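One structure below.
In this chain, numbering begins with 1 at the start of the sequence shown. Everything quoted here is computed from the prediction, not taken from an experiment.
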Amino acid sequence: MAVTPSEGPSVRVLRVGEQVRHILSEILARGDVHDDVLAKHVVSVTEVRMSPDLRHATAFIKPLLGRDEEAVLKALRTNTAYLQREVASRMKLKYAAKIKFLADDSFDEGSHIDKLLRNPKVAQDLGSDEAE
């Protein structure tokens, strides 16, 4: 059954993405990756999006307090082969997913929107809508 864009990802794709997220989070939290940069940072895997065929995974990461994000991304990309092998060995899938690491900008976007909504001019406009 083909998934149309309006339906979004299947439950299986979402479930596998969440499993991959948990495995990556566990590996990083336990310090299984022998990398000096990763050893110095607490890294959150905020989301993993899987392709419909489960062969590709995009992992969104955020270092604690957003510090040294580029260095952390570079370290993760350097250790991608190890992380892919670890995820593949813990998952019961036909194919091992190729993992791509990206910075999670959703927190920054959320902060920006919150800041805009707290702007006195915007707050004034929001207040006038409620009064009507």
Kindly determine whether D104 and I61 satisfy side-chain contact (heavy atoms from CB on, under 4.5 Å), including the steps that lead there.
CA-CA 5 Å; D104 188 349; I61 62 100; over 6 Å; no

Taking it one step at a time, do I27 and V33 satisfy side-chain contact (heavy atoms from CB on, under 4.5 Å)?
CA-CA 7 Å; I27 292 167; V33 182; 3.8 Å; yes

One pair to check against side-chain contact (heavy atoms from CB on, under 4.5 Å): L76 and V72. What are the steps and the verdict?
CA-CA 6 Å; L76 286 168; V72 169; 4.1 Å; yes

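Closest of all the heavy-atom pairs between F101 and L83 is CZ-CD1, 3.5 Å.
No path of Ile, Leu, Val, Met, Phe, Trp and Tyr side chains, each step under 4.5 Å between heavy atoms, connects L14 with M91, placing them in separate hydrophobic clusters.
Here salt bridge (Lys or Arg N to Asp or Glu O under 4.0 Å) pairs that include residues 41-50, with residues two or more places apart or in two chains, are E47-R49. Residue pairs that meet the salt bridge (Lys or Arg N to Asp or Glu O under 4.0 Å) test with at least one member in residues 70-79, sequence neighbours left out, do not exist here.
With D68 contributing its side chain and A71 its backbone, the two residues share no donor-acceptor pair below 3.5 Å. No donor-acceptor distance shorter than 3.5 angstrom exists from the side chain of R21 to the backbone of A59, with no hydrogens or angles considered.
For H22 and E18, the side-chain atoms include at least one donor-acceptor pair closer than 3.5 Å.
Taking the side-chain hydrogen bond (donor to acceptor under 3.5 Å, both in side chains) definition, one finds that E86 meets it with R90, sequence neighbours left out. By the side chain to side chain contact (heavy atoms under 4.5 Å, CB included) test, R15 is found to be paired with R12, Q19, residues two or more places apart in sequence or in another chain being considered. For A57, the side chain to side chain contact (heavy atoms under 4.5 Å, CB included) partners are V48, M50, A97, I99, not counting sequence neighbours.
L102 belongs to a hydrophobic cluster with F60, counting contacts under 4.5 Å between side-chain heavy atoms of Ile, Leu, Val, Met, Phe, Trp and Tyr, direct or through other members.
Q84 is listed as a side-chain neighbour of K98, based on a closest heavy-atom distance under 4.5 Å.
Atom OG of S25 and atom CZ of R30 lie 12.5 Å apart (nearest 0.5 Å).
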